[in-house]
Chemist: 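Here you go, one structure.
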Amino acid sequence: MSNNMKFKRKIVTIERYILENQPDYARGDFTNLLYDIAMAAKLIANKTTRAGLADILGSAGEVNVQGEEQQQLDVYADRTIFRLCDHTGRVCAMASEEHEDILEIPSEFQKGRYVLVYDPLDGSSNIDVNVSIGTIFGIYRCVDWANRGRVEDCLQPGRKLLAAGYVLYGASTMLVYSTGQGVHGFTLDPHIGEFLLSHPDLRFPDPTYYSANHGYYQRWSEGVQAYTSWLQGNQQEEKDAPQGLSERYIGSLVADFHRNLLKGGVFMYPGEKNKPNGKIRLLYEAAPLAYLAHHAGGYASNGQQSILDLTPADLHDRTPFFIGNTRLVQKAEDFIKRLD
Ligand code: AHG
Ligand code: MN
Ligand code: MN
């Protein structure tokens with residue numbers, strides 16, 4: 001019986017799954033940190049489902065370090081994750097897309113060995129219109145135990161991730177994570193308040209979709225434009241062009257990635273002529289999803305090399321981003337190398 005079938009017949013909570021499948025090095029701290037994130041996901045999901053009802057909807061009127069207006073839900077998600085993880089003794093520092101500097105552990109609490117980086121609310125332009133949004137997270141080990149809790153702990157390449165995942169607040173809420181032993185998806189049963197294993201061992205199937213914001217086509221490089229034409233099946237570009245890919249773009253990276261993970265495909269947010277690094281943040285978005293893609297049999301690139309090999313110089317570095325089925329992403333690298 002396949003693993004898939006075996007688990008489909010069982011009710012497995014995320015708590016039990018995390019405990020029974022923890023990596024060899026994991027002691028209680030690592031396992032409990034993952035569980036803390038699952039708890040944060042439930043609290044945030046509880047707010048997102050009420051977004052159209054409560055006064056939470058709308059802008060907080062603040063502007064984040066990326067120069068974008070924050071929504072109240074961003075603020076809530078950001079604070080919830082921090083508050084769940086700041087006092088447990090499991091984490092020595094955190095970094096959130098919403099803060100310029102690292103988030104230090106308050107002095108009254110102990111620092112642990114792990115580092116948590118997160119995009120608390122991804123796809124925030126979709127909050128007000130009832131379209132799927134998400135949370136992305138990555139977990140590293142501190143680089144220097146004696147001096148733990150510094151920005152250096154956060155500035156690590158994706159290759160060093162111990163775990164990564166995302167939460168998708170969609171028609172249902174899902175948490176998808178990996179500790180390097182496959183990628184597993186859990187769906188929140190809102191009636192019992194538990195994430196239940198629903199998608200064990202996710203792997204990219206043959207591609208169905210490509211995802212990009214075509215509104216920016218004119219801003220893309222020649223290589224990216226030719227690659228797009230290849231994705232659309234243009235055999236003149238190269239004889240091995242895929243046939244029958246359909247286009248889907250939500251504008252919430254988590255939702256676009258999730259759909260492509262389930263259905264196969266490629267997502268890209270390339271550099272633009274006046275914005276060579278594009279929009280996607282290396283630390284909070286690209287690296288954790290690249291880690292998941294890798295463990296689901298896929299690949300993520302900046303157009304030249306694996307995202308997992310890029311070390312951020314700054315917490316808020318951005319990177320061109322191509323992610324999904326390995327062959328499709330490598331093809332982007334080919335076009336860029338040849339034409340740009
Ligand atoms: P965030 O809401 O965390 O700032 O991220 C938004 C990102 C990402 O989710 C999405 O893929 C991209 O912005 C969409 O950008 P465009 O509207 O430029 O296509
Ligand atoms: Mn984001
Ligand atoms: Mn965000």
Side-chain angles (χ1 to χ4, degrees), residues 40-41 44 47-48 51 58-60 62-82 94-100 103 116-138 164-170 176 209-220 224 228 247-261 265-290 292-293 300 302 307 312 315-324:
I44 298 167
K47 279 274 192 270
T48 62
S59 161
E62 297 167 28
V63 171
N64 73 8
V65 290
Q66 319 280 352
E68 298 150 350
E69 198 174 272
Q70 286 188 345
Q71 309 281 312
Q72 284 197 358
L73 213 47
D74 296 37
V75 177
Y76 178 81
D78 181 53
R79 289 191 186 147
T80 299
I81 296 170
F82 181 77
M94 291 179 251
S96 158
E97 185 198 86
E98 299 295 336
H99 296 269
E100 189 142 13
L103 300 169
L116 177 64
V117 298
Y118 59 95
D119 177 357
L121 227 280
D122 172 69
S124 39
S125 70
N126 281 325
I127 296 173
D128 284 352
V129 290
N130 202 1
V131 172
S132 298
I133 48 182
T135 296
I136 308 174
F137 66 91
Y166 60 82
V167 187
L168 173 63
Y169 312 100
V176 176
Y209 297 119
Y210 78 97
S211 315
N213 188 337
H214 271 278
Y216 304 151
Y217 183 85
Q218 299 302 331
R219 309 179 198 168
W220 295 342
V224 172
T228 309
E247 202 234 356
R248 291 281 190 284
Y249 187 76
I250 294 168
S252 291
L253 177 55
V254 167
D256 280 309
F257 176 81
H258 181 74
R259 183 204 51 247
N260 290 358
L261 176 59
V266 63
F267 170 96
M268 65 171 170
Y269 204 115
E272 297 170 11
K273 283 168 190 158
N274 294 323
K275 214 165 60 172
N277 291 326
K279 180 178 187 189
I280 303 301
R281 294 83 166 173
L282 177 56
L283 187 59
Y284 312 106
E285 299 176 314
L289 295 185
L292 291 172
N302 66 351
I307 290 285
L315 290 173
H316 298 284
D317 277 0
R318 298 174 191 258
T319 177
F321 194 43
F322 302 81
I323 188 166

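Both counts, for ligands and for their atoms, begin at 1 and track the order of listing. Keep in mind that this is a model prediction, so the values were computed, not measured.
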Chemist: Record the part of Asp256 in heavy-atom contact with ligand 1 below 4.0 Å; permitted values are side chain, backbone, both and neither.
Modeler: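 Contact part for Asp256 vs ligand 1: neither.
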Chemist: Drop me the distance from Glu97's CD to Asp74's CG, to the nearest 0.5 angstrom.
Modeler: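 Glu97 CD to Asp74 CG: 8.0 Å, rounded to 0.5 Å.
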Chemist: Rounded to the nearest 0.5 Å, what's the gap from CD1 on Ile127 to CG on Leu121? Could you check?
Modeler: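 Those atoms lie 4.5 Å apart.
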Chemist: Could you go through Ile250 and Val131, starting from their C-alpha distance and side-chain angles, then the distance that decides it, and tell me whether this counts as side-chain contact (heavy atoms from CB on, under 4.5 Å)?
Modeler: CA-CA 8 Å; Ile250 294 168; Val131 172; 3.6 Å; yes
Chemist: Starting at CG of Leu292, measure out to CD1 of Ile323 and round the result to the nearest 0.5 Å.
Modeler: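 Nearest 0.5 Å value for the CG-CD1 distance: 7.5 Å.
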Chemist: Check whether any N, O or S atom of Asp119 sits under 2.8 Å from the Mn ion (ligand 3).
Modeler: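 Under 2.8 Å: Asp119 contacts the Mn ion (ligand 3) through an N, O or S atom.
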Chemist: Quick check on the Mn ion (ligand 3): does Pro120 put an N/O/S atom closer than 2.8 Å to it?
Modeler: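 No, Pro120 does not qualify, because none of its backbone or side-chain N, O or S atoms lies under 2.8 Å.
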Chemist: State the atom name: nearest N, O or S atom of Asp122 to the Mn ion (ligand 2).
Modeler: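 The nearest such atom is OD1.
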Chemist: Among Ile133, Val254, Ile127, Asp122, which residue places a heavy atom closest to atom 9 (O) of ligand 1?
Modeler: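 The option holding the nearest heavy atom is Asp122.
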Chemist: Could you list the atoms of ligand 1 found under 4.0 angstrom from a heavy atom of Leu253?
Modeler: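 Checking each atom against Leu253, I get 8 (C), 9 (O), 10 (C), 11 (O).
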Chemist: Mind checking the CZ-NE2 spacing from Phe82 to His99? Nearest 0.5 Å is all I need.
Modeler: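 Phe82 CZ to His99 NE2: 8.0 Å, rounded to 0.5 Å.
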Chemist: Check Glu285 and report its N/O/S atom nearest to the Mn ion (ligand 2), by atom name.
Modeler: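 Checking each N, O and S atom of Glu285, the shortest distance to the Mn ion (ligand 2) belongs to OE2.
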Chemist: Does Tyr118 reach the main-chain N or O of Asp78 with its side chain, forming a donor-acceptor pair under 3.5 Å?
Modeler: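 Pair found, side chain donor or acceptor close to backbone of Asp78.
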Chemist: Should you measure from each heavy atom of Ser124, which atoms of ligand 1 turn up under 4.0 Å away?
Modeler: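 Near Ser124, the atoms of ligand 1 are 1 (P), 2 (O).
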Chemist: Which is it for Arg281 and ligand 1 at heavy atoms under 4.0 Å: side chain, backbone, both or neither?
Modeler: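 Within the 4.0 Å criterion, Arg281 contacts ligand 1 through side-chain atoms alone.
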Chemist: Show which atoms of ligand 1 fall inside a sub-4.0 Å distance from at least one heavy-atom site of Glu97.
Modeler: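 So the answer, numbered in order with elements, is 3 (O), 4 (O).
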Chemist: Under 3.5 Å, side chain of Asp256 to main-chain N/O of Gly251, donor-acceptor pair present?
Modeler: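 Indeed, once roles are kept as given, a pair shorter than 3.5 Å links the two residues.
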Chemist: Take the angle between the ring planes of Phe267 and Tyr269 and call it parallel below 30°, perpendicular above 60°, tilted in between.
Modeler: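 Tilted.
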Chemist: Please identify which atoms of ligand 1 are closer than 4.0 Å to at least one heavy atom of Leu121.
Modeler: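 What qualifies from ligand 1 is 2 (O), 3 (O).
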Chemist: So, is Tyr216 polar-close to ligand 1, with some N/O to N/O distance under 3.5 Å?
Modeler: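 Indeed, backbone or side chain, Tyr216 has an N or O that close.
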Chemist: Tell me, yes or no, whether the heavy-atom count around Asn213 atom CG, taken from other residues, nucleotides or ligands under 6.0 Å, exceeds 12.
Modeler: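 Correct, the count exceeds 12.
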Chemist: Take every heavy atom of Tyr284, measure it against each atom of ligand 1, and state whether any distance is under 4.0 Å.
Modeler: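 For ligand 1, residue contact (heavy atoms, under 4.0 Å) with Tyr284 is absent.
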Chemist: Would you give the length of the straight line joining atom OG of Ser211 to atom OH of Tyr249, rounded to the nearest 0.5 angstrom?
Modeler: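 Output value for this atom pair is 8.5 Å.
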Chemist: If we only count N/O pairs under 3.5 Å, is Ser252 in contact with ligand 1?
Modeler: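 Between Ser252 and ligand 1, no N or O pair is found under 3.5 Å apart.
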Chemist: For ligand 1, which atoms have a heavy atom of Phe267 less than 4.0 angstrom away?
Modeler: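 Counting from 1, the qualifying ligand atoms are 11 (O).
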Chemist: Give a yes or no on whether Glu97 keeps an N, O or S atom under 2.8 Å from the Mn ion (ligand 3).
Modeler: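 Given the 2.8 Å cut-off, Glu97 counts as a ligand of the Mn ion (ligand 3).
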Chemist: Would you indicate which of Ala212, Ala255, Gly123, Gly215 comes nearest to atom 1 (P) of ligand 1 when only heavy atoms are counted?
Modeler: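 Among Ala212, Ala255, Gly123, Gly215, the closest heavy atom to atom 1 (P) of ligand 1 belongs to Gly123.
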Chemist: Between Glu272 and Trp220, is there a side-chain heavy-atom distance shorter than 4.5 Å?
Modeler: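 They are in contact (side-chain heavy atoms under 4.5 Å apart), so the answer is yes.
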Chemist: Going through the checks in order, is the side-chain contact (heavy atoms from CB on, under 4.5 Å) test met by Asp317 and Leu283?
Modeler: CA-CA 7 Å; Asp317 277 0; Leu283 187 59; over 6 Å; no
Chemist: If you count the atoms of ligand 1 from 1 in the order shown, which ones are under 4.0 Å from a heavy atom of Tyr249?
Modeler: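 Here the atoms of ligand 1 in question are 14 (C), 15 (O), 16 (P), 19 (O).
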Chemist: Output, in order, the C-alpha distance, side-chain angles, deciding distance and verdict of side-chain contact (heavy atoms from CB on, under 4.5 Å) for Val167 and Ile44.
Modeler: CA-CA 10 Å; Val167 187; Ile44 298 167; over 6 Å; no
Chemist: Number the atoms of ligand 1 from 1 as they appear, then name those within less than 4.0 Å of a heavy atom of Asp119, with their elements.
Modeler: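 With Asp119 as reference, the close atoms of ligand 1 come out as 3 (O).
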Chemist: Provide the number and element of each atom of ligand 1 under 4.0 Å from a heavy atom of Glu285.
Modeler: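 Atoms satisfying the 4.0 Å criterion: 3 (O), 5 (O).
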Chemist: Just to be sure I read this right, does ligand 1 sit under 4.0 Å from the backbone of Asn213, its side chain, both, or neither, counting only heavy atoms?
Modeler: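 It is the side chain that touches ligand 1; the backbone stays farther off.
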